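As structure tokens, the structure follows; a few thoughts come after it.
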Amino acid sequence: MSTDAFIEKLKARLAAVDPNAPRKVVGVFQLNIKTATGVEQYIIDLKQLKADTGVADSPDVTLTIALEDMQAIIGKTLTVSEALKSGKFEVSGNPELAAKLGETI
């Protein structure tokens with residue numbers, strides 16, 4: 001699955017969430033994926049229940065990861081928690097919130 005397909009799947013999952021229901025994870029994530037040709041940038045906004053390409057104005061957490069590690073997460077051979085613990089994600093912002101992202105994606 002490509003990162004674009006992953007974001008589309010995430011968009012569908014977020015659209016299905018009841019905005020009035022209690023949520024475990026609320027925050028804005030900037031996801032930067034390093035590729036051979038540059039950096040793909042995505043906003044995962046769990047406050048507004050949206051995901052899209054672009055750069056967040058004031059993210060709670062910025063996560064940067066190599067494409068191959070993101071593909072391992074998408075392919076479920078690597079969890080977000082494992083990637084964070086092994087240093088595969090560069091994290092700036094709220095590390096506790098970053099760890100909770102795995103509950104959503």
Side-chain angles (χ1 to χ4, degrees):
M1 177 185 305
S2 71
T3 52
D4 288 335
F6 166 74
I7 293 297
E8 290 305 313
K9 185 176 178 180
L10 183 58
K11 282 181 184 181
R13 287 181 58 194
L14 293 175
V17 173
D18 178 356
N20 298 315
R23 292 180 260 156
K24 292 181 182 180
V25 184
V26 179
V28 178
F29 298 82
Q30 176 66 49
L31 178 61
N32 300 321
I33 302 173
K34 296 186 280 187
T35 70
T37 59
V39 178
E40 297 177 13
Q41 297 178 303
Y42 300 93
I43 303 166
I44 301 172
D45 185 341
L46 300 181
K47 292 178 181 177
Q48 301 296 319
L49 299 172
K50 298 178 182 179
D52 212 345
T53 59
V55 177
D57 291 332
S58 300
D60 297 300
V61 179
T62 299
L63 300 163
T64 303
I65 191 168
L67 177 61
E68 54 273 5
D69 295 324
M70 189 63 199
Q71 288 171 331
I73 291 170
I74 292 168
K76 303 207 183 288
T77 59
L78 177 68
T79 67
V80 171
S81 179
E82 291 168 340
L84 286 166
K85 287 177 187 174
S86 64
K88 293 184 184 288
F89 272 118
E90 296 170 27
V91 179
S92 65
N94 184 333
E96 291 84 24
L97 189 58
K100 292 181 179 181
L101 182 61
E103 297 175 21
T104 303
I105 62 171

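Everything numeric in this text was worked out from a predicted model, so none of it was measured.
Looking at residues two or more places apart in sequence or on another chain, you find a side chain to side chain contact (heavy atoms under 4.5 Å, CB included) between Val91 and Val61, Leu63, Leu84, Phe89, Ala98. The side chain to side chain contact (heavy atoms under 4.5 Å, CB included) check on Ser92 picks up Thr62, with sequence neighbours excluded. Scored by the side chain to side chain contact (heavy atoms under 4.5 Å, CB included) test, Glu90 finds Lys34, Thr64 as partners (sequence neighbours excluded). Evaluation of the salt bridge (charged side-chain N to carboxylate O under 4.0 Å, His left out) rule for Asp45 yields no partner, not counting sequence neighbours. Scanning for side chain to side chain contact (heavy atoms under 4.5 Å, CB included) contacts around Asp18 gives Asn20, Ala21, with sequence neighbours left out. Residues forming a side-chain hydrogen bond (donor to acceptor under 3.5 Å, both in side chains) with Asn94 (at least two apart in sequence, or on another chain): none. For the side-chain hydrogen bond (donor to acceptor under 3.5 Å, both in side chains) test, no residue two or more places apart in sequence or in another chain qualifies with Ser86. For Asp52, the salt bridge (charged side-chain N to carboxylate O under 4.0 Å, His left out) partners are Lys11, not counting sequence neighbours. Residues meeting the side-chain hydrogen bond (donor to acceptor under 3.5 Å, both in side chains) test with Gln30, sequence neighbours left out: Asn32.
Under the 4.5 Å side-chain contact rule for hydrophobic residues, Phe29 and Val17 share a cluster.
Looking at every heavy atom in both residues, Ile33 comes nearest to Ala66 through CG2-C, 4.3 Å.
Residues Met70 and Leu31 meet the side-chain proximity criterion, which asks for heavy atoms closer than 4.5 Å. Between Glu40 and Tyr42, the closest side-chain pair of non-hydrogen atoms falls below 4.5 Å. For the pair Ile73/Val80, a side-chain contact is recorded, criterion being any heavy-atom separation below 4.5 Å from C-beta on.
For residues 54-66, the pairs satisfying salt bridge (Lys or Arg N to Asp or Glu O under 4.0 Å) are Lys47-Asp60, with sequence neighbours left out. Among residues at least two apart or in separate chains, salt bridge (Lys or Arg N to Asp or Glu O under 4.0 Å) pairs with a member in residues 61-72 are Asp69-Lys88.
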Criterion side chain to side chain contact (heavy atoms under 4.5 Å, CB included) on Val26 and Leu97, from CA distance to verdict: CA-CA 8 Å; Val26 179; Leu97 189 58; over 6 Å; no
query: Between Gln41 and Val39, does a side chain to side chain contact (heavy atoms under 4.5 Å, CB included) hold up when you go through it step by step?
result: CA-CA 6 Å; Gln41 297 178 303; Val39 178; 3.9 Å; yes
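In this structure, Ile43 belongs to a hydrophobic cluster whose other members, linked by side-chain heavy atoms under 4.5 Å apart, are Val28.
Side-chain N or O atoms of Thr35 include none that pairs as donor or acceptor with a backbone N or O of Leu67 at under 3.5 Å.
Here the CG-CD1 distance, from Leu14 to Ile44, works out to 8.0 Å after rounding to the nearest 0.5 Å.
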